[in-house]
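The block underneath contains the structure these notes are about, expressed in structure tokens.
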Number of protein chains: 2
Amino acid sequence: MPSLKTDCIYQGACAEILDRLPEKSVDVVFADPPYNLQLGGELLRPNNSRVDGVDDAWDRFRDFAEYDAFTEAWLRACHRVLKDTGTLWVIGSYHNIFRVGARLQDLGFWVLNDVIWRKTNPMPNFRGTRFTNAHETLVWCSKGPDARYTFNYEAMKALNDGLQMRSDWSLPLCTGPERLKTETGEKVHPTQKPEALLHRIILASSNPGDVILDPFLGSGTTAAVAKRLGRRWIGIEQDPDYIAAARARIAAVTPVDDPTLVTTPRKRSEPRIPFGTVVERGLLPPGTVLSDAAGRWSARVRADGTLISADHRGSIHQVGAAVQGAPACNGWTFWHMRTQDTDAERLVPIDLLRQRLRAEMAAEGTGTTPESGGALQ
Amino acid sequence: MPSLKTDCIYQGACAEILDRLPEKSVDVVFADPPYNLQLGGELLRPNNSRVDGVDDAWDRFRDFAEYDAFTEAWLRACHRVLKDTGTLWVIGSYHNIFRVGARLQDLGFWVLNDVIWRKTNPMPNFRGTRFTNAHETLVWCSKGPDARYTFNYEAMKALNDGLQMRSDWSLPLCTGPERLKTETGEKVHPTQKPEALLHRIILASSNPGDVILDPFLGSGTTAAVAKRLGRRWIGIEQDPDYIAAARARIAAVTPVDDPTLVTTPRKRSEPRIPFGTVVERGLLPPGTVLSDAAGRWSARVRADGTLISADHRGSIHQVGAAVQGAPACNGWTFWHMRTQDTDAERLVPIDLLRQRLRAEMAAEGTGTTPESGGALQ
DNA sequence: GGCAGTTCTGAATCTCTTA
DNA sequence: CTAAGAGATTCAGAACTGC
């Protein structure tokens, strides 16, 4: 099995190149395949200027059958090189996304989300014959229904001002200085994607050091953003002009050197601390009375790190669930202790003690290093 | 060939019923088929309450093959009953929309647009495992690449306050009084669609008197909106409980009697907040009579968000200016509506509705997009 | 009645580690 | 492999409760 050389562009047809890479070696695939646009003649704006549509050879297919065969080949090849914990992103429009989506489901990929790139500045429909085509669709999937995968939930939530990131993303088209131009001022690539789009994708679904593969690299947006965010990358591209432009572009990118700048740790990945340790270290003496925030229920701390209430005994979680009659409970945030704060007596969650202990252990160097990002089911 | 009886619900399996209808007799099909959700066990919110997921028998399929066969059967039957100038709408999620989209392309349907219903108030992802599933996808297609079809471009542009209607529509879920409930307070139907969605679809792709067919009628949203907008309709549904609820609902609808209220022959200009959204969201039903503060002039509201008076038609601003013989007019403050306030009937400016909508849109919080910046979708 | 706080709910493929 | 236990996790809006 060949080893995996990263941070380089492979020239050639993507399915063939992919078949020569080692299996289960890639963390994230981002694919921007030909859309099979099936454009008719040329399109004129109301002022009779010509719309520079996609008419390149790489977007010409005889029929759906040929496009489907092409799609299945590269998807299958991607499935092989993906790690079992890896995920695949594909972007497309209504011309091709149903073909792609159905094929990837048939190949066993498990759709996690479809994501809408809502364009803030789309090209209008000049003829007034349809709705302005103002979005593109991304499909995000894991290797199977039970596969674990990386989703940096907290990073996405932070990016969205503290609210869960939704499946619709409003971003402008790639224009202005970001858009690569030739010396004669022509677009280098007809469908260059905005870096903001790749920024969000890579931040959401990978960790620093991960390998991001783009089987249709084009002008190199994926590689440029991956490099900047401290990820390794692999690009596959046929066209030597695109490759030249991408190489120059990627070379000009300076990576963010501090990994903490490009990760938002999940609570799930923090070291686990048994409640018993809190008692053992004397942060909470046996016999201390805990209660919930509203003071409805109470329980006492036992020396072995279990709780005892009027009717129940067990872990902080078990007793919390039992007194509420709930199926489950996070005891750390449910149970509170009295604390003398300035003058008034207040109730604070015992999770504060866990946080203090984590800080102490980090200072001692005894705690396990928090893993970056969270691996999800 | 049987004749086409309209404005009624046929009970039975949709493909079988469709096969008994005359061919090429329907103008628009709107289909909301089972999504094949494949939900696992139960899901609890962070507060331990149970999510009432869709587990109905009609959404259970063995595998993709069975779902695909089901899909192809009803799509093929719809193709037969559609006029050559007819169009088909299908709504779905990532669970099924790729299967549906690929099959309808295979059957010869020609995709005109995919349209995103962006939900302003979706259910969150409670476990923090994915992006909030905040949208659904509609596919709109004609019978073939060269088929003519109805698209009321000007009506859609008017509804979007003078800007081309885009392929992404922001609308709230069907909740509150619009949501049908049983006597015991349960949902009549687990997936009732908002009337605003059907309002836009029917206004966009049909004319008064056209026949709208819904092969999965459910609680009858399609029929209710079609009737109100002066279209004929046909519903197909298996479940007798859904049928009973739909019949009662549809019977309570009063059609807009004047066809000129639901079509748009002329152009108009561009204010900042589309008055059409006020209409579409049901804050002001088509046919409502508006007047100026002194009661000197009056005009009626049309379904696309324009007004019609004795001598004039156009935007709220244009008609306001025209009736006064003034060069310009702010329709938002000029036009008033009657409101039942405490005991007395009063006239209040329709700007109140805009303010309410602005508050809602601000709460929707879409950040830097034009949508939150004023150009309502 | 009015206002504030609480509860409820919506097409949802919704955990991970250790024993 | 399964089972058990720890413990992480929510936004908008309507409906309801209580003062």
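Below, chain A is the first sequence line, B the second, and so on; all start at residue 1. As a basis for the values below, the full set of heavy atoms in this structure was taken, side chains included, without hydrogen atoms, waters or symmetry mates.
Counting only heavy atoms from C-beta on, Gln38(B) has its side chain closest to dT13(C) among dG7(D), dT10(D), dT13(C). Checking dA12(C), dA11(C), dT15(C) against every side-chain atom of Thr129(B), the shortest atom distance belongs to dT15(C). Across dA12(C), dA11(C), dC11(D), the shortest atom-to-atom separation from the side chain of Phe126(B) is found for dC11(D). Relative to the side chain of Pro177(B), the nucleotides dA15(D), dA12(D), dT10(D) differ in distance, and dA15(D) lies closest. For Asn133(B), the side-chain atoms get nearest to dA12(C) when compared with the rest of dA11(C), dA12(C), dG7(D).
Under a 3.5 Å cut-off, the side chain of Asp27(A) and the backbone N or O of Ser206(A) do not form any donor-acceptor pair. No donor-acceptor pair closer than 3.5 Å links the side chain of Asp304(A) to the backbone N or O of Gly276(A). Listed for the Asp239(B) side chain is a donor-acceptor partner under 3.5 Å among the backbone atoms of Tyr242(B). Between the side chain of Arg99(A) and the main chain of Ala102(B), a donor-acceptor pair closer than 3.5 Å is present. Not a single donor-acceptor pair under 3.5 Å links the side chain of Glu178(B) to the backbone N or O of Cys174(B).
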(message) As a check on the pairing definition, encode DNA chain D in dot-bracket form, counting Watson-Crick and G-U wobble pairs whose two distances are under 3.5 Å, and using | for partners outside this strand.
(response) .|||||....|||||||||
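Phosphate proximity of dT17(C) to Arg148(A): present, with a side-chain N or O under 4.0 Å from OP1 or OP2. A sub-4.0 Å separation between OP1 or OP2 of dT9(C) and a side-chain N or O of Lys187(B) is absent. Regarding contacts with the backbone of dA12(D), every side-chain N or O of Arg45(B) stays at 4.0 angstrom or more from both OP1 and OP2. Side-chain N/O atoms of Tyr94(B) include one lying less than 4.0 angstrom from OP1 or OP2 on dT13(C). Applying the 4.0 Å criterion to OP1 and OP2 of dT18(C), one finds that Arg272(A) has every side-chain N and O outside that range. The shortest distance between the side-chain N/O atoms of Lys157(A) and the OP1/OP2 oxygens of dT10(D) is below 4.0 Å. Taking 4.0 angstrom as the limit, Tyr153(A) places a side-chain polar atom (N or O) nearer than this to OP1 or OP2 of dT10(D).
Taking atom P in both dA15(D) and dA11(C), the straight-line distance is 15 Å, to the nearest Å. Nucleotides dG1(C) and dC16(D), compared at atom P, are 15 Å apart to the nearest Å. For the C1' atoms, the distance linking dT10(D) with dG10(C) amounts to 12 Å, nearest Å. Nucleotides dA12(D) and dC14(C) place their P atoms 23 Å apart, quoted to the nearest Å.
In this structure, Phe216(B) and Phe70(B) have tilted ring planes: the angle between them lies in the 30° to 60° band.
Taking the six-membered ring where the residue is Trp, the centroids of Tyr35(B) and His95(B) are separated by 6.0 Å or more. Note: Trp110(A) and Tyr149(A) fail the aromatic proximity criterion, with ring centroids not under 6.0 Å apart.
Contacts of Asp52(B) with the nucleic acid, taken as non-hydrogen atoms under 4.0 Å apart, involve only primed sugar atoms and P, OP1 or OP2. No engagement by Gln192(B) is indicated, since no non-hydrogen atom pair under 4.0 Å with the nucleic acid exists. Residue contacts for Ile97(B): at a heavy-atom cut-off of 4.0 Å it reaches no nucleic acid atom on any strand shown. Residue-level contact check: Pro122(B) touches the bases, meaning some heavy atom is under 4.0 Å from a base atom. At the heavy-atom level, Arg50(B) lies nowhere under 4.0 Å from the strands shown. At the heavy-atom level, Gly185(B) lies nowhere under 4.0 Å from the strands shown. Pro33(B) comes within 4.0 angstrom of a base, heavy atoms only. Gly176(B) comes within 4.0 angstrom of sugar-phosphate atoms only, judged by non-hydrogen atoms across all strands, and of no base. Residue Asp55(B) is classed as having no contact, given no heavy-atom separation below 4.0 Å to the nucleic acid. Within the 4.0 angstrom heavy-atom criterion, no nucleotide atom of any strand lies near Ser93(B).
Within residues 314-334 of chain A, the residues approached by DNA chain D to less than 4.0 Å at the level of any non-hydrogen atom are Ser315(A), His317(A), Gln318(A), Ala328(A), Cys329(A), Asn330(A), Trp332(A), in residue-number order.
When the options Asn36(B), Asp59(B), Asn96(B) are evaluated for a side chain to side chain donor-acceptor pair (under 3.5 Å) with Tyr67(B), the one that passes is Asn96(B).
The nearest whole Å value for the distance from the CG atom in Leu163(A) to the P atom in dC11(D) is 5 Å. Atom CD in Glu270(A) sits roughly 20 Å away from atom P in dT15(C) (whole-Å rounding). Atoms CZ (Phe275(A)) and P (dG5(D)) sit 18 Å apart, rounded to a whole Å. Distance, Arg268(A) CZ to dA8(D) C1': 5 Å, rounded to whole Å. The distance from atom CG of Asp32(B) to atom C1' of dA11(C) is 9 Å, rounded to the nearest whole Å. Remark: C1' of dT10(D) and CG of Leu44(B) are 13 Å apart, rounded to the nearest angstrom. Between the CG atom of Leu171(B) and the P atom of dA12(D) there is a distance of 17 Å, given to the nearest Å. The separation between Met165(A) atom CE and dC11(D) atom P is 12 Å, rounded to whole Å.
The aromatic ring of Trp110(A) is stacked on the base of dT13(C), with the two ring centres less than 5.5 Å apart and the planes inclined by under 30°.
Side chains of His135(A) and Asp168(A): a donor-acceptor N/O pair is absent below 3.5 angstrom, by distance only.
Geometric assessment of Arg118(A) against the ring of Trp169(A) yields a negative cation-pi assignment under the 6.0 Å and 45° thresholds.
Asp52(B) and Lys187(B) are joined by a salt bridge, as a carboxylate oxygen and a charged side-chain nitrogen come within less than 4.0 angstrom of each other.
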